[in-house]
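Comments concern the structure below.
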Protein chains: 2
Amino acid sequence: MARPARVSPDRILAAAALEFAERGFAGARVDRIARRARVNKAMLYYHFKSKDGLYRTLLRRMFTLAAGRLRAIADASAPHADKVDRVIATMAAFVDEHAFFPAIMLREVADGGAHLDRETLTALAALPAAVGGIVQQGVRARAFRDTPPMFAYFSMLAPVIFYLAGARIRKEIAHLKVVDMRESSTDDFIRHMQHATRRSLARARHARTS
Amino acid sequence: MARPARVSPDRILAAAALEFAERGFAGARVDRIARRARVNKAMLYYHFKSKDGLYRTLLRRMFTLAAGRLRAIADASAPHADKVDRVIATMAAFVDEHAFFPAIMLREVADGGAHLDRETLTALAALPAAVGGIVQQGVRARAFRDTPPMFAYFSMLAPVIFYLAGARIRKEIAHLKVVDMRESSTDDFIRHMQHATRRSLARARHARTS
DNA sequence: CCATAAAAACTAACTGGTTAGTTAACTCGT
DNA sequence: ACGAGTTAACTAACCAGTTAGTTTTTATGG
């Protein structure tokens, strides 16, 4: 017979992810996380030490998982431009699995990592590190024009995160009918970003003397 | 004679901008805003009705001001590609004047406009509307390749907002020395975004049959 | 296999500090 | 004397974290 599975910390983390993504750290309510996870609040403090502890555990997992996938792309052997395509597609797929990711990312950037300890910050840093590495490979191989890796990181992933996090507010705005916010498919947007990034990194067709 | 309007609501708004940008709506403390503005808290409730009222007033102003500048670019006569350059430069300049803008923008996207009323949401919608209009002009004039205006909006401005809002967290990460987060100048990043956006919108040099 | 004790998992109710918002009284220019 | 502007003190609700106690699981020795 199936064990009543006691209280799974994973269920708490899943509930916390939704709450933190929807409301941010300050707006999140521990009671609400506990209720969502159908767990006594004290259990939450039993498994994680505090609201901060829970938050950091969640983020560390999330960042580590995402960075792992990006590093796999970096280590693979494929044309440089294809790797960049994959970075974008991989982030989109990651968000598809973890819908709460972009909102948390946006909030964390907005408050400058205020709730993160050293370890979690290091896990976060692995994201730009992996993407930057891929760009640098391409630059060194002369497949890409000389581009600061961090610039490429921001210009290729910020729109993806922003666009995906913005689904709710775009719907609100579209609802007002004051702007044409016609929703194209997310897939189309991802393809747009892949093309834009390729064109941005591609070496000029006709070499120019600077 | 102009009343010296003893407590200036503007001073409250300025203090609120900092507080909301740093902590978000839920994390912001009314008492702290009052203290920062060197104003009795009750005055804040006298001029604005509530924390929400203050927040919405601030955002409405901000969005309206920014959208006005973008619309001025749309209405000017200049080559389409130059207008796009100006959009990016103008947003960077706007953030330079209103350092709190990007953080608030990120947070507002993250919580799907939860605290915004119809009017404020409309003011926000004017931003993508103005930028989208500029892109559409260029597409119609065959100066740009056919691109959904909202896609162009996100790919040109999300990195700017993200990069500028992220100054604090980048500094934190750089401090860890686990990634090379070497800070190039903001101006360089803006130029990078201008070039990237131009290349992304430019029509292919050699026409292709699709 | 059982008895038992310790450890882990769990709960309901509580606590104390915090926070948005209120109020009643005061100032001062017209 | 009136009303817009201002203040210190107050309040009711909220919320992270605690506690005291119960039940379930696991380890141990006979």
Side-chain angles (χ1 to χ4, degrees), chain A residues 1-60 104 107-108 111 113-117 120, chain B residues 1-60 104 107-108 111 113-117 120:
Chain A
M1 174 189 141
R3 291 284 164 71
R6 319 231 283 266
V7 160
S8 101
D10 282 352
R11 214 169 67 218
I12 298 174
L13 281 169
L18 294 177
E19 178 76 5
F20 285 130
E22 275 173 23
R23 322 245 184 185
F25 181 80
R29 297 294 163 241
V30 175
D31 291 86
R32 205 155 32 204
I33 295 172
R35 190 152 35 76
R36 280 180 157 184
R38 279 165 311 173
V39 150
N40 189 289
K41 179 166 59 151
M43 280 316 291
L44 192 152
Y45 283 93
Y46 178 76
H47 287 293
F48 308 91
K49 290 183 191 207
S50 60
K51 192 185 177 183
D52 282 85
L54 175 58
Y55 187 70
R56 291 202 270 251
T57 304
L58 172 69
L59 265 64
R60 216 177 310 131
I104 289 180
R107 293 185 200 278
E108 211 41 60
D111 49 46
H115 310 290
L116 306 186
D117 54 3
T120 311
Chain B
M1 171 190 143
R3 293 281 165 71
R6 304 201 256 179
V7 162
S8 103
D10 283 351
R11 214 169 67 217
I12 298 174
L13 281 168
L18 295 178
E19 178 77 4
F20 285 129
E22 275 172 23
R23 321 244 184 185
F25 181 81
R29 296 294 164 240
V30 176
D31 291 84
R32 204 154 35 202
I33 294 172
R35 189 153 34 78
R36 280 180 157 185
R38 278 163 311 172
V39 150
N40 188 289
K41 179 168 60 153
M43 282 313 293
L44 192 152
Y45 283 92
Y46 179 75
H47 287 293
F48 309 91
K49 291 184 191 203
S50 60
K51 190 186 179 183
D52 282 85
L54 175 58
Y55 186 70
R56 291 201 270 252
T57 304
L58 172 69
L59 265 63
R60 217 178 308 130
I104 289 181
R107 294 185 199 278
E108 211 40 63
D111 51 46
H115 310 290
L116 305 184
D117 54 3
T120 311

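Residue numbers begin at 1 in each chain, while the letters A, B, ... track the order of the sequences. Hydrogens, waters and symmetry mates are skipped; everything else that's a heavy atom, side chains included, is used.
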Open item on the list: Does a side-chain N or O of B/Arg29 approach OP1 or OP2 of C/dA20 to a distance below 4.0 Å, or not?
Closed with: yes

Task: Residue B/Asn40, side-chain atoms from C-beta onward, closest of C/dA8, D/dT7, D/dA16 - done: D/dT7

Task: Of the listed nucleotides C/dG21, D/dT7, C/dA12, the one nearest the side chain of B/Lys51 - done: C/dG21

TODO: To the nearest Å, give me how far apart CZ (A/Arg38) and P (C/dA12) are.
DONE: 15 Å

- [ ] Quick one: do B/Glu22 and B/Arg32 satisfy salt bridge (Lys or Arg N to Asp or Glu O under 4.0 Å)? Show the steps, please.
- [x] CA-CA 12 Å; B/Glu22 275 172 23; B/Arg32 204 154 35 202; over 6 Å; no

- [ ] Ignoring backbone atoms, establish whether A/His47 has a side-chain N or O less than 4.0 Å from OP1 or OP2 of C/dA8.
- [x] no

Open item on the list: Donor-acceptor pair, distance only, cut-off 3.5 Å: does the side chain of A/Arg38 make one with the backbone of A/Arg11?
Closed with: no

Open item on the list: Donor-acceptor check, side chain of B/Glu19 to backbone of B/Val30, threshold 3.5 angstrom: yes or no?
Closed with: no

Open item on the list: Which nucleotide wins on minimum distance to the side chain of B/Met43, given the candidates D/dA16, D/dT7, C/dC10?
Closed with: D/dT7

- [ ] When you get a sec, tell me which of C/dT23, C/dA20, C/dT11 is the closest nucleotide to the side chain of B/Ala42?
- [x] C/dT23

Open item on the list: What is the distance, to the nearest angstrom, from the NZ atom on B/Lys41 to the C1' atom on D/dT11?
Closed with: 11 Å

Task: Nearest-nucleotide pick for B/Tyr45, side chain only, options being D/dT19, C/dT22, D/dA16 - done: C/dT22

Open item on the list: Side chain of B/Asp31 only, heavy atoms from C-beta on: which candidate in C/dA9, C/dT23, C/dT19 is closest?
Closed with: C/dT19

